[in-house]
Amino acid sequence: MPPSYLASLREKLANASDCSGRFLWGATSSVSLANLLRGTSLGGRVRQLWGRSVLVATRDQLATALALIELDGVASRLVICPPDIPAKHLPSVIAKSGVNAIVSDHDLQDHGGSGGPLLVTCSLAIRPIKEEQIEHRSTDWVLLTSGTTGAPKLLMHNLGSLTAPIKINQNPGTGVVWGTFYDIRRYGGMQIFLRAVLGRGSLVLSSADESAANHLLRLGSLGVTHVSGTASHWRRALMSPEARAIAPRYIRLSGEIADQSILNTLRSFYPQAAVSHAFASTEAGVAFEVNDGLEGFPASLVGTRGEVEMKIVNDSLRIRSARIAAGYVGEENGVLTDDMGFVDTGDIVELRGDRYYFLGRRHGVINIGGLKVYPEEVEAVINRHPAVRMSIVRSRRNPITGSLVSADVVLKGAPDQGNGNGQFENFKREILQICHESLAAHKVPATIRCVPALEVAAAGKLVRPHA
Amino acid sequence: MSIRSAVISQVQQIGIEAKKDLPPLTDDLALLDSGLDSLTIAIVVTRLEDTLGLDPFTESDDISYPVTLGDFIRFYENAAKLSGVAPGEAS
């Protein structure tokens, strides 16, 4: 075995002491991990996918989970399609990442499958199969994250970078049932999927079609012990009548700023649980976890040499570790790291006493419940309205979702068409309609104001405050 | 306009914008069962801050979250009392 050999996810699972009694539970069906090791969800076509760049584009998260376990160490690339990627972006994702096979659980015609990629169906019904020897190869995992123009950015990871933050020895033993409000096709959810598979646990997946109450009931009935989500996910859970259906012993927040209020509320609502918040991004991986129940993070984490190194440059947090992505797929997104190998997270921090606190994101990027919104994308849609001269989109703090999108617009023509004016109210309705037609719901401005002018810097760009 | 009717009116408005048929808005209706999700509830909170000048989530020391529409309305009524804003006939 060469020193660079990285055991595949399936091998790691097979090497775990015992898979009996371990499950991946979807919203409508479940799969026993022991059965998966003795069978296939891909109709026995794994060999045909050897060395291929495979787009995993399933409706059901469970199907993605099965395909990842079967194809790591087999495919050259696994391009993991998140649930809400607009169809118009798929051809460029396929082209950029050299996709020549697609794994899906539904009719593949939607993905332009006629152009030649090998199409393989992933089924939730595991078919028993005789084990066959397939030459092991290293597999890139490509994760998609949002980009400035609305087109996704493709980040290259592998099982090594994705699992580097996971300390199996610290795994709290057997009987662990993970649950997450995330989708596992995003970095935050992927971390939980891998923790469950590599540890000795089971995992309860979320479903976009399920209400918060039903999801909590399902998590509760399956005896979930460890639950992760963004601060916004947790606020939604606490607003549900079924919040008491779960009694986790570990609660993890990541993906957006965890403020003191949500940390306190979770501690008093689930007194039996350890509450931890982590800083992670698709680009930089998991940087740290904070377990002292306080918002922000200890200043002592910055500047020390360890598994993860952090520095602050122009108030922005930069991170270097074996957990960061290897780079972007496709050159137009530029380089991921600075000369020293640090990823600039774009998260602005402020030192108060012996702790750093997150203030928001540079370049006005808005984080709504863990989903990034680039103001330029929303402004471009608003500016399509014929009466709009220019607009600026910024973040507005919100106690439910962390932030919301708020827009200021400058109208063409007379500057007296201000707020409260009947004509502006009509424009506002029309602008909102254009936004609803072109943008995901969380990107549509919650409030729109009419302003006489916007501040433009010397270089001709809009002046953007930190979001 | 009372606090109660201001809240109800914003909930109805967001229902129209989000093209959701809302069930009868009774006090015991669970907010997240009303057809609204946390994003639309967040928008209601922001608009109520603009129209009433109240943000009971941030201003209040009470760290429980409202589950029903009645809880939600009481959140605003209590915040109005604390801040001295006239609560109107709903009090």
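When reading the values below, keep in mind they use all heavy atoms of this one structure, side chains included, and skip hydrogens, waters and symmetry mates. In what follows, chains carry the letters A, B, and so on, assigned in the order in which the sequence lines appear, proteins first and then strands, with residues in each chain numbered from 1.
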Worksheet item: Heavy atoms under 4.5 Å from chain A: which residues of residues 35-50 of chain B carry them?
Response: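 The list, in residue order, reads B/Ser38, B/Leu39, B/Ile41, B/Ala42, B/Ile43, B/Val45, B/Thr46, B/Arg47, B/Glu49, B/Asp50.
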
Worksheet item: Between A/Gln433, A/His233, A/Arg396, A/Arg429, which has the largest tally of heavy atom pairs under 4.5 Å with chain B?
Response: A/Arg396

Worksheet entry | Heavy-atom pair count under 4.5 Å with chain B, highest-scoring of A/Ile262, A/Leu432, A/Ile400 | A/Ile400

Fill in: Contact class of A/Leu238 relative to chain B, heavy atoms under 4.5 angstrom
both

Worksheet item: Where on A/Ser240 is there a heavy atom nearer than 4.5 Å to chain B: the side chain, the backbone, both, or neither?
Response: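 Both backbone and side chain of A/Ser240 come within 4.5 Å of chain B.
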
Fill in: Euclidean distance, B/Asp33 CG relative to A/Ser211 OG, rounded to 0.5 Å
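Taking OG in A/Ser211 and CG in B/Asp33, the distance rounds to 6.5 Å.
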
Worksheet item: When rounded to the nearest 0.5 angstrom, what is the spacing between CZ in A/Arg235 and CZ in B/Phe57?
Response: 10.0 Å

Item to complete: Check whether any side-chain heavy atom of A/Pro399 sits under 4.5 Å from a side-chain heavy atom of B/Asp55, and report yes or no.
Response: yes

Worksheet entry | Sub-4.5 Å side-chain heavy-atom contact between B/Leu31 and A/Met239 |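 B/Leu31 vs A/Met239: side chains touch.
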
